[in-house]
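Take a look at the structure set out below.
Predicted model only: the values in this text are computed from it and were never measured.
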Amino acid sequence: MSRGAPPSPRRPFAGKVTLVTGGNAGVGYEFAAAMARGGATVVLACRNRTRGSAAVEALRREVATVAAATADIPLQGTTGGGGDGGGDGGGEGGGEGTVELLDLDTSDLESVATCAGAFTARHGRLDILMNNAGGMMLPWSLTRDGVEVTTATNFLGHFALTGRLWPLLAATPGARVVNVSSMVHVLATGKLDWEDMTLGGPRRHSGWAYVRSKLFNMLFTAELARRVAAADAAARPPCPPPPAPGFARTELVAKAQVNGWTNFCRATWGWASQSATDGAACLLAAATASWVSPATYVSPLWGGIRGRPSRGVPSLAARSVEDGGRLWAWAESVSGVRFL
């Protein structure tokens, strides 16, 4: 695929290709919108094709609206948007973002493999892999791969997707892998049972499964960063820290199983939360900002709940080198995907 127009002040992400899992709603959608408005090729990988198609059409309308609104506005220091190439519209041959759709159910390893194959067949590069899809307070069950459903959806599917796309990521200069976590990862305490291949835990509690899945994303990112640092320098796409969008107003809580935790979230929704757009700012920072590194955790400024993107503090459990290595080994054995 051609990279198209080069980056410009109005299209800073022109030429970049981004894959966003679960990008049809919430912070994933807002991140995808920011990338598309900035000129990137955005691929939404969604479980529900109807909702995914609706999101693609909405994003295309956004891109068209932005393009039309800025077509005749000259950049500072230029004399116009047309003529001999001054401005971003005609002179650069466009640069507006494009949006595509792929089917993906991250709880299903076969679906992950199919999605990765389809993406690789369409695109010759991958600049940003945004592992965002997730479920919250899902009723405890096992997937057909024999893994607790929240663990499979939020972590294992993304591990397998990253591995299957790794050759493309490694071949793309400056590529980034971003694994979305949450402030609630700090609640995941206690010893993990590595003999339990479902990783569902003895308590079989949807809340426990959710907070632990977010800890797994932290551990995965840290272990990935260690392995990338130890790999051949020619195959080292940067691995930014996992971002947490804070307490963002999305469908995640609304669709979650009703229990004490989700009731608390709904009760504090109005005064404690921030918009999905503000939450997506942490994802955008992790994916594009120059100040992030694998050593930092991108989190909202005010207690990890709301505010501008800043450097947060991962829990002690999230910094366990031993658990990071054991989680990686577990994911390899269950998914059959091995890389690095």
Side-chain angles (χ1 to χ4, degrees), residues 1-46 51-70 88 92 94-102 104 115 119 122-134 158 161-162 165 168-169 172-180 237-245 248 250 275-292 298 308-309:
M1 171 175 281
S2 171
R3 291 200 66 188
S8 74
R10 290 206 195 99
R11 302 288 184 270
F13 308 131
K16 291 188 179 297
V17 179
T18 303
L19 176 61
V20 188
T21 69
N24 59 282
V27 295
Y29 177 89
E30 297 300 336
F31 169 79
M35 295 299 299
R37 289 193 299 265
T41 294
V42 176
V43 181
L44 302 186
C46 304
R51 298 185 68 194
S53 297
V56 167
E57 291 307 311
L59 287 172
R60 287 173 177 166
R61 288 193 296 270
E62 277 201 52
V63 170
T65 298
V66 171
T70 60
D88 189 63
E92 293 180 359
E96 289 81 11
T98 60
V99 189
E100 305 171 13
L101 178 65
L102 286 175
L104 173 64
C115 177
F119 182 90
R122 291 187 191 181
H123 298 280
R125 64 184 296 116
L126 177 54
D127 296 272
I128 300 168
L129 173 57
M130 179 59 67
N131 288 326
N132 162 77
H158 288 126
L161 183 65
T162 302
L165 292 173
L168 203 56
L169 287 159
T172 304
R176 292 190 179 191
V177 178
V178 182
N179 300 311
V180 178
C239 177
T250 70
S275 69
T277 302
D278 289 339
C282 286
L283 279 63
L284 192 63
T288 65
S290 60
W291 56 267
V292 300
V298 182
R308 62 176 174 79

Quiz item: Looking only at heavy atoms, what is the nearest atom pair of D127 and K16, with distance?
Solution: OD2-CA, 3.3 Å
Quiz item: Which atoms form the tightest heavy-atom contact between V63 and A36, and what is the distance?
Solution: CG2-CB, 3.6 Å
Quiz item: Among all residues two or more places apart in sequence or in another chain, which pass the salt bridge (Lys or Arg N to Asp or Glu O under 4.0 Å) test with R61?
Solution: none
Practice problem: Report the distance from atom CG of L161 to atom CZ of F119, rounding to the nearest 0.5 Å. | Solution: 9.0 Å
Quiz item: What distance do L169 atom CG and L126 atom CG have between them, rounded to the nearest 0.5 Å?
Solution: 4.5 Å
Quiz item: Any side-chain heavy atom of V292 sitting closer than 4.5 Å to one from R176?
Solution: yes
Quiz prompt | CA sep, side-chain torsions, deciding dist, call: R122, L102, side-chain contact (heavy atoms from CB on, under 4.5 Å) | solution = CA-CA 11 Å; R122 291 187 191 181; L102 286 175; 3.5 Å; yes
Practice problem: Supply the atom-to-atom distance N131 CG to T162 OG1, rounded to the nearest 0.5 angstrom. | Solution: 4.0 Å
Quiz prompt | Side-chain heavy-atom pair T18, F31 within 4.5 angstrom cut-off | solution = yes
Practice problem: Starting at CD of E100, measure out to CG of L44 and round the result to the nearest 0.5 Å. | Solution: 9.5 Å
Quiz prompt | Approximate separation, where rounding is to 0.5 Å, of L59 CG and M35 CE | solution = 12.0 Å
Quiz item: If you take all heavy atoms of G28 and V20, which pair is closest and at what distance?
Solution: O-CG1, 3.8 Å
Quiz item: How far apart are the closest heavy atoms of A45 and C115, and which atoms are they?
Solution: CB-SG, 4.1 Å
Exercise. Please report the shortest heavy-atom distance between A67 and R11, naming the atom on each side.
Key: CA-NH2, 3.6 Å
Quiz item: How long is the span from the CZ atom in R51 to the CG atom in L101, to the nearest 0.5 Å?
Solution: 12.5 Å
Quiz item: Does N132 offer a backbone N or O that forms a donor-acceptor pair with the side chain of T21 under 3.5 Å?
Solution: yes
Quiz item: When you measure from the side chain of R125 to the backbone N and O of V17, does any donor-acceptor pair fall under 3.5 Å?
Solution: no
Quiz prompt | Heavy-atom pair with the smallest gap, counting every atom of V298 and A285 | solution = CG1-CB, 4.3 Å
Quiz item: Can you tell if the side chain of L165 reaches within under 4.5 Å of the side chain of V177, non-hydrogen atoms only?
Solution: no
